[in-house]
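What follows is one structure encoded as structure tokens, with my remarks underneath.
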Amino acid sequence: MLSAAHSPVMTEEVVKALGPSEDSILVDATFGRGGHTRALLKYLGLKGRIYAMDRDPEACAIARDWAEGESRLTVIQAPFSKLSDELLRAGIGGQVSGIVLDLGVSSPQLDNAERGFSFMRDGPLDMRMDPSQGIPVQDWLADVSEEDLIGVLRRFGEERYARRIARGIVNARNETPLTTTGELSSLVDACVPTREPGKHPATRTFQALRLFINQELAELDAVLPQALDMLEPGGRLVIISFHSLEDRRVKRFFHDAAKGDPFPPDLPIRAKEISPVILRPSRPQRPSDGEISDNPRARSAILRWAQKSPSGQI
Ligand SMILES: C[S@@+](CC[C@H](N)C(=O)[O-])C[C@H]1O[C@@H](n2cnc3c(N)ncnc32)[C@H](O)[C@@H]1O
């Protein structure tokens, strides 16, 4: 089944930050179910364009159906780490007015048990956003060493019980292969000695495995400089993160880009002559209480945006 809804997060804030005009060229690099694209299209005239990107074939199938009746929409199925290649191929490198990245997974990905993302629904232990690339989590767990597993749980899940969980997984899989999300979540539940209020004990383990198997932090590191490069002078980049591992990277990236290139201190250049890549980035923005009560998935969202310097230097 392809459809199923996704309630877009912080849509008003995304539109305000991007400030679209009638002939803007925009990129929604995480199309999902197109909630942000839909809101942005309302501001575009006949010459405006949205390039919708996603690595998930189901998301792209929906976008393509839509694009058949919407000439302002172009669909690109690719990981956003290929943003520059794809936009250069489309002939819009350096001409993009705004780019939005709404990170992580969509509700349809979580809700479809067959995708294997959720500890709430029993399904095959897969978790790939693009099931034609890489390997499913169950194949990785079948071979991984205990030490490597501990590293992934710590690095991508900030899991304090990484050692116990990794040992539990390795012992179990040495008996019988782990093939379902239900088996993994019960196993983690049994390994974790304490409970965080309001949080399923397998939350961090599932987050860690998902981030690792989809290389989500490496994707983010790769897309940030490309996104600035693809913007026109004065263009805007908006990013919504859902946990501190992502938000820290975005914050640091914007901070560095706003400082400009570090020149050796002995060069005869004054600070005001160093042209920063972006103007001062926005403060972090959070969803309103109203949005969080309508859409609990929004509660951990953090939006940051920045404008490429009008001088266009990079
Ligand atoms: C939170 S959802 C976006 C929801 C979307 N803004 C909407 O309103 O429907 C994130 C989407 O980004 C896609 N995605 C995540 N990482 C990606 C990557 N590295 N490259 C391309 N797409 C990615 C996922 O497949 C998912 O469809």
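One-based numbering, in listed order, for ligands and for the atoms of each. In what follows, every heavy atom counts, from backbone to side chain, and hydrogens, waters and symmetry copies are set aside.
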Could you give the N/O to N/O pairs under 3.5 Å linking ligand 1 and the protein, each with its distance?
| residue | atom | partner | partner atom | Å |
| --- | --- | --- | --- | --- |
| ligand 1 | 6 (N) | T30 | O | 3.4 |
| ligand 1 | 6 (N) | H36 | ND1 | 3.1 |
| ligand 1 | 6 (N) | D102 | OD2 | 2.8 |
| ligand 1 | 8 (O) | G35 | N | 3.0 |
| ligand 1 | 8 (O) | H36 | N | 3.4 |
| ligand 1 | 9 (O) | F31 | O | 3.3 |
| ligand 1 | 9 (O) | R33 | N | 2.8 |
| ligand 1 | 9 (O) | G34 | N | 3.2 |
| ligand 1 | 9 (O) | G35 | N | 3.4 |
| ligand 1 | 19 (N) | E219 | OE1 | 2.8 |
| ligand 1 | 20 (N) | F80 | N | 2.8 |
| ligand 1 | 22 (N) | R55 | N | 3.2 |
| ligand 1 | 25 (O) | D54 | OD1 | 2.7 |
| ligand 1 | 25 (O) | Q109 | NE2 | 2.9 |
| ligand 1 | 27 (O) | D54 | OD1 | 3.4 |
| ligand 1 | 27 (O) | D54 | OD2 | 2.7 |

Going by side-chain hydrogen bond (donor to acceptor under 3.5 Å, both in side chains), name the pairs with one or both residues in residues 88-98, residues two or more places apart or in two chains.
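Those involving residues 88-98 are E86-R89.
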Would you indicate whether the side-chain heavy atoms of E246 and L217 approach each other to under 4.5 Å?
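In short, these two side chains touch, coming nearer than 4.5 Å.
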For F119, what residues pass the ring-ring contact (aromatic ring centres under 6.0 Å, His included) criterion, not counting sequence neighbours?
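Listed in chain order: H200, F206.
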Contact list for residues 34-49, test salt bridge (charged side-chain N to carboxylate O under 4.0 Å, His left out), sequence neighbours left out
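Salt bridge (charged side-chain N to carboxylate O under 4.0 Å, His left out) check on residues 34-49 returns no pairs.
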With the threshold set at 4.0 Å, does a side-chain nitrogen-carboxylate oxygen contact exist between R121 and D111?
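The answer is yes: the pair qualifies as a salt bridge.
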Within 45° cone of F254 ring axis and under 6.0 Å: R249 NZ or CZ
no
